Student: 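Below is one structure. I have some questions about it.
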There are 2 protein chains.
Amino acid sequence: MYSGKIKLAIVDDHPMILEGLKSLLQSETRLEIFTFTKGEAFLDFIRGNIVDMVLLDIVLNDGSGLNFCKTIKKNWPKTIVIGISNQAERSIIFQFIQNGANGYILKNADAQEIIDCIHDALNGKIAFSEEVQQIILSQPHDALEIPKLTKREKQILTSISSGYTTPQIAEMLFVSPMTIETHRRNLLQKFKAKNMIELVRIATEYKLL
Amino acid sequence: MYSGKIKLAIVDDHPMILEGLKSLLQSETRLEIFTFTKGEAFLDFIRGNIVDMVLLDIVLNDGSGLNFCKTIKKNWPKTIVIGISNQAERSIIFQFIQNGANGYILKNADAQEIIDCIHDALNGKIAFSEEVQQIILSQPHDALEIPKLTKREKQILTSISSGYTTPQIAEMLFVSPMTIETHRRNLLQKFKAKNMIELVRIATEYKLL
DNA sequence: TTTATTCTACCAGTTTACCGGGATATTTCA
DNA sequence: TGAAATATCCCGGTAAACTGGTAGAATAAA
């Protein structure tokens, strides 16, 4: 399938990580490595070149990394995308895979793990680093799904987390306090939280705030 | 001062970062580099060897990195300690410096910045990467100091953030609900927060939870 | 051994949050 | 176009949170 050199792009805004990965992959002579510190620079590159594989830094769960992955997969479906992240949460990993990614590596992985993952992915497998696999295997049927919030709910949750009370938020949004109360209840249900305090902590952990 | 080779230790549990730093510092022939993925392994090493400088990964604000810095400075005060972190918050940087560190570098720094910092530190200066300097210069007198919490306050805050109510926490700790109420008020004052919801968000941002 | 901090505890009162039920518009999207 | 999803609104009730002020013990630090 990959007869000649394999073109591997690494996108990460940390020069240290970039250098580290390059160094760890030096021994792999089949790889031709291109590095980018900006997503835009990479997009410019892939528009004019074939890229077999991308190692993509996933910083936040705000969707920036996720959307970037989507964009790549939509326009260049043959390009293999592997996420690299510090985020070790099961649900985040799944989200990423569900958006078309071919693998997920934690930043604390060592050289051999990374190389194995790249080989696996090139062979059409879904590639996970060891710790990621353990995370997936644990919690067989996790109850820890990231709740999907509507625009209004996000807006209200943000206000709540800033310390505003129901009457205050109602006034800000020109709606009845009763409406805000309803949204609060829906939020509590979605997060299965005991109260808004716990909810805000959970939402922050999920990087929703 | 440093006539022969300079012994530089790098402590970071991410092999990628370790490799990256090593690679970025390759051109510096005066440096003799030792890498460690565990803090304990480094302590074993420094007990039997002279170490001129340590690049120390600071993961959390829970004090683990901070205490490690303290330990080194207490027992080997001549060893130069430079923190490496993703934490870009002013107060955290100051905390680190106040604990004896000689410099602070953000992980998104490039090769030249890092090398400059190392040279500066070897010359007795306090070394900051560019972005760190900007952070320090901005916010001339920030109101964003991290409140210092007592053991009891931390304990209670943790319970609150888990969704427990005042009566519940009182029962768990075998004290009067009134006591918990008092602690709540002290916490709100320390954080200058409107209510516990906002407080939990702030505390999470400061990595206190 | 003082001083300072921390932990403890109380009363009274107002506001807000949460829970149990509802109901009716307005979008969104298949 | 029609079923979902979303956003809006209401009542009544209980529990909890927050605000005001106050103050005696137990520790820790000077």
Side-chain angles (χ1 to χ4, degrees), chain A residues 63 67 70 74 95 98-99 145-204 206 208-209, chain B residues 63 67 70 74 95 98-99 145-204 206 208-209:
Chain A
N67 289 331
K70 270 191 211 172
K74 189 176 168 187
Q95 260 191 338
Q98 273 163 7
N99 275 95
E145 282 307 308
I146 292 187
K148 282 163 197 159
L149 303 185
T150 66
K151 284 180 188 173
R152 203 55 158 174
E153 284 169 343
K154 276 183 192 167
Q155 187 181 23
I156 291 170
L157 178 53
T158 304
S159 298
I160 292 173
S161 75
S162 296
Y164 294 109
T165 65
T166 295
Q168 286 172 334
I169 298 169
E171 206 174 344
M172 290 191 284
L173 300 183
F174 304 108
V175 293
S176 162
M178 305 293 193
T179 305
I180 307 297
E181 288 275 336
T182 305
H183 282 297
R184 288 184 95 111
R185 267 188 294 177
N186 292 339
L187 282 166
L188 285 176
Q189 277 194 345
K190 283 191 180 182
F191 280 87
K192 289 165 191 158
K194 291 193 275 291
N195 54 36
M196 272 298 157
I197 296 175
E198 186 188 16
L199 195 153
V200 165
R201 186 184 54 78
I202 296 171
T204 314
Y206 287 165
L208 294 176
L209 282 177
Chain B
N67 289 331
K70 268 190 211 174
K74 189 176 168 187
Q95 259 190 337
Q98 273 163 7
N99 274 97
E145 283 306 308
I146 293 186
K148 282 164 197 159
L149 303 185
T150 66
K151 285 181 188 174
R152 203 57 158 173
E153 283 169 343
K154 275 183 192 168
Q155 187 181 23
I156 290 170
L157 178 53
T158 304
S159 298
I160 292 173
S161 75
S162 297
Y164 294 108
T165 66
T166 294
Q168 286 173 333
I169 298 168
E171 205 174 347
M172 290 190 285
L173 301 182
F174 304 107
V175 293
S176 161
M178 306 293 195
T179 305
I180 307 297
E181 288 277 335
T182 305
H183 283 299
R184 287 185 97 110
R185 267 190 295 179
N186 293 338
L187 283 166
L188 286 176
Q189 278 193 345
K190 283 191 180 181
F191 280 88
K192 288 164 192 161
K194 291 194 273 292
N195 54 36
M196 273 297 157
I197 296 176
E198 186 189 16
L199 195 155
V200 165
R201 186 184 54 77
I202 296 172
T204 315
Y206 286 165
L208 293 177
L209 284 176

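The figures here come from the full heavy-atom set of this structure, side chains too, leaving out hydrogens, waters and symmetry mates. Labels below follow one simple rule: chain letters A, B, ... track the order of the sequence lines, proteins then strands, and each chain is numbered from 1. All of these numbers come straight from a predicted model, not from anything done at the bench.
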Student: Rounding to a whole Å, what distance do you find between A:Ile156:CD1 and C:dC18:P?
Tutor: 14 Å
Student: Taking CD from B:Glu181 and P from C:dC11, how many angstroms apart are they, rounded to a whole number?
Tutor: 13 Å
Student: Nearest heavy-atom pair of A:Tyr164 and A:Met172: which atoms, and what distance?
Tutor: CG-CE, 3.7 Å
Student: Looking only at the side chain of B:Ser176 (C-beta and beyond, no hydrogens), which of the listed nucleotides D:dC18, C:dC10, C:dC18 gets closest?
Tutor: C:dC10
Student: Which atoms of nucleotides 2-7 of chain D (N or O only) lie under 3.5 Å from a protein N or O atom, and what are those distances?
Tutor:
from	atom 1	to	atom 2	distance (Å)
D:dA7	OP1	A:Thr150	OG1	3.4
D:dA7	OP1	A:Arg152	N	3.3
D:dA7	OP2	A:Thr150	OG1	2.5

Student: Whole-Å distance between D:dA17 P and A:Ile160 CD1?
Tutor: 16 Å
Student: Could you tell me which non-hydrogen atom of B:Asn195 sits nearest to which non-hydrogen atom of A:Gly163, and how far apart they are?
Tutor: ND2-O, 3.0 Å
Student: Could you state the CG-C1' distance from A:Asn195 to D:dA16, rounded to the nearest angstrom?
Tutor: 10 Å
Student: Can you measure B:Glu198 atom CD to D:dA17 atom P for me and round it to whole angstrom units?
Tutor: 17 Å
Student: Looking at every strand, decide which applies to B:Arg185 at a 4.0 Å heavy-atom threshold: base, sugar-phosphate, or nothing.
Tutor: base
Student: Among D:dC9, D:dT19, C:dC19, find the nucleotide with the atom closest to the side chain of B:Leu188.
Tutor: D:dT19
Student: Quick check on DNA chain C: between A:Tyr164 and B:Leu173, whose nearest nucleotide comes earlier from the 5' end?
Tutor: B:Leu173
Student: Minimum heavy-atom separation for B:Leu209 to B:Ser161, with atom names?
Tutor: CD1-CB, 3.7 Å
Student: At less than 3.5 Å, do the side-chain atoms of A:Thr182 and the base atoms of D:dC9 form a donor-acceptor pair?
Tutor: yes
Student: Verify the distance criterion only: is there a donor paired with an acceptor across the side chains of A:Arg184 and A:Thr166 at less than 3.5 Å?
Tutor: yes
Student: If I take atom CD1 in residue B:Ile169 and atom P in nucleotide D:dA16, what distance separates them, rounded to the nearest angstrom?
Tutor: 11 Å
Student: So, the side chain of A:Glu171 versus the backbone of A:Gln168: is there a donor-acceptor pair under 3.5 Å, distance only?
Tutor: no
Student: Taking all non-hydrogen atoms of both residues into account, name the closest pair between B:Met196 and B:Leu188 and its distance.
Tutor: N-CD2, 3.8 Å
Student: Can you name the one residue among A:His183, A:Lys148, A:Lys190 that meets side-chain hydrogen bond (donor to acceptor under 3.5 Å, both in side chains) with A:Glu153?
Tutor: A:Lys190
Student: Nearest whole Å is fine: how far is C:dT16 C1' from A:Glu171 CD?
Tutor: 15 Å
Student: Between D:dT8 atom P and A:Gln155 atom CD, what is the distance in whole Å?
Tutor: 9 Å
